[in-house]
Amino acid sequence: MIIPDIVRISGIAYKVEHRADLNDGEKVLYGQVDYGKSTIQLNSANQNHQFECVTLWHEILHAISTHTGLELGDDTEKIIDIFAHGIYQVLQDNGGLFRPGKAERSK
């Protein structure tokens with residue numbers, strides 16, 4: 001999976017940034033979404049490319065949840081992580097399945 005420079009979520013363009021020093025003041029983070037700055041930050045120092053991809057999906061799902069007002073309760077992180085891993089797995093295992101075919105590209 002290629003990590004894009006920008007991903008649109010609920011009509012908002014989020015810039016995807018790679019940082020080696022990502023933390024919340026108390027602990028090192030894998031990723032973080034900043035709604036005010038419209039950025040998704042991925043920690044490139046503590047995870048390989050595959051886990052950066054999963055982390056990107058994790059943060060995208062947080063943004064979708066926030067933008068839509070979806071309340072996931074006390075298990076928010078667990079639920080988001082399950083779906084992030086699941087989406088990444090489906091995309092990896094079905095490489096070309098979700099890309100437009102030749103007929104769709106010519107429209």
Side-chain angles (χ1 to χ4, degrees):
M1 182 178 128
I2 296 171
I3 295 176
D5 294 329
I6 294 174
V7 61
R8 292 183 62 79
I9 306 166
S10 298
I12 298 169
Y14 282 84
K15 182 177 179 184
V16 179
E17 303 174 340
H18 300 269
R19 293 192 39 197
D21 61 346
L22 192 58
N23 68 74
D24 66 0
E26 295 180 18
K27 63 182 184 256
V28 175
L29 302 175
Y30 291 105
Q32 181 175 353
V33 60
D34 185 324
Y35 300 103
K37 294 180 181 177
S38 300
T39 60
I40 293 176
Q41 299 170 335
L42 304 174
N43 193 333
S44 56
N46 68 351
Q47 57 191 341
N48 65 28
H49 180 76
Q50 293 178 93
F51 280 100
E52 274 190 298
C53 294
V54 172
T55 300
L56 175 59
W57 278 107
H58 182 99
E59 300 307 328
I60 288 170
L61 291 167
H62 270 300
I64 292 169
S65 174
T66 298
H67 287 295
T68 61
L70 178 63
E71 294 290 333
L72 299 173
D74 294 337
D75 290 330
T76 296
E77 287 301 316
K78 182 178 181 179
I79 292 167
I80 294 275
D81 214 36
I82 288 168
F83 279 109
H85 280 272
I87 290 168
Y88 180 69
Q89 177 267 312
V90 169
L91 291 175
Q92 288 302 102
D93 290 353
N94 298 281
L97 186 62
F98 297 103
R99 294 188 185 111
K102 196 174 196 177
E104 287 84 15
R105 286 193 301 260
S106 64
K107 290 182 184 176

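All values below come from the heavy atoms of this structure, side chains included, with hydrogens, waters and symmetry mates left out.
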Q: Name all pairs fulfilling the salt bridge (Lys or Arg N to Asp or Glu O under 4.0 Å) condition that reach into residues 12-36, sequence neighbours left out, sorted by first residue then second.
A: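 Applying salt bridge (Lys or Arg N to Asp or Glu O under 4.0 Å) to every pair that reaches into residues 12-36, excluding sequence neighbours, yields Arg19-Asp21, Asp24-Lys27.
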To check you understand the geometry: which heavy-atom pair defines the closest contact between [X] and [Y], and what is its length?
X     : Y     : answer
Ser38 : Ala13 : CB-O, 3.5 Å
Tyr14 : Thr39 : CD2-N, 3.6 Å
Ala20 : Ala45 : O-CB, 3.5 Å
His18 : Glu52 : ND1-OE2, 2.9 Å
Ser65 : Leu72 : OG-CD1, 4.2 Å

Is [Y] reachable from [X] through a run of I, L, V, M, F, W or Y residues, each pair having side-chain heavy atoms under 4.5 Å apart?
X     : Y     : value
Leu70 : Phe83 : yes
Ile12 : Tyr35 : yes
Ile60 : Val16 : yes
Val7  : Met1  : yes
Ile3  : Leu61 : yes

Q) More than 12 non-hydrogen atoms from neighbouring residues, nucleotides or ligands closer than 6.0 Å to CG on Asp5, yes or no? A)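 Not more than 12 within 6.0 Å, no.
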To the nearest 0.5 Å, what is the distance between [atom1] ([X]) and [atom2] ([Y])?
X     : Y     : atom1 : atom2 : result
Asp75 : Asp81 : CG    : CG    : 12.0 Å
Trp57 : Ile40 : CH2   : CD1   : 10.0 Å
Ile80 : Ile82 : CD1   : CD1   : 10.5 Å

**Q.** Verdict with reasoning, Gln41 to Glu59, per side-chain contact (heavy atoms from CB on, under 4.5 Å)
**A.** CA-CA 9 Å; Gln41 299 170 335; Glu59 300 307 328; over 6 Å; no
Q.
Quick one, Ser10 and Thr66 - any side-chain contact, counting heavy atoms below 4.5 Å?
A. no
Q: Can you spot which of Glu77, Gln32, His67 makes a side-chain contact (heavy atoms from CB on, under 4.5 Å) with His62?
A: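 Going through Glu77, Gln32, His67 one by one, the side-chain contact (heavy atoms from CB on, under 4.5 Å) with His62 is satisfied by Glu77 alone.
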Q. Passes side-chain contact (heavy atoms from CB on, under 4.5 Å), Leu29 versus Asn43? Steps please.
A. CA-CA 7 Å; Leu29 302 175; Asn43 193 333; 5.6 Å; no
**Q.** Derivation and outcome, side-chain contact (heavy atoms from CB on, under 4.5 Å), residues Gln50 and Gln92
**A.** CA-CA 10 Å; Gln50 293 178 93; Gln92 288 302 102; 5.7 Å; no
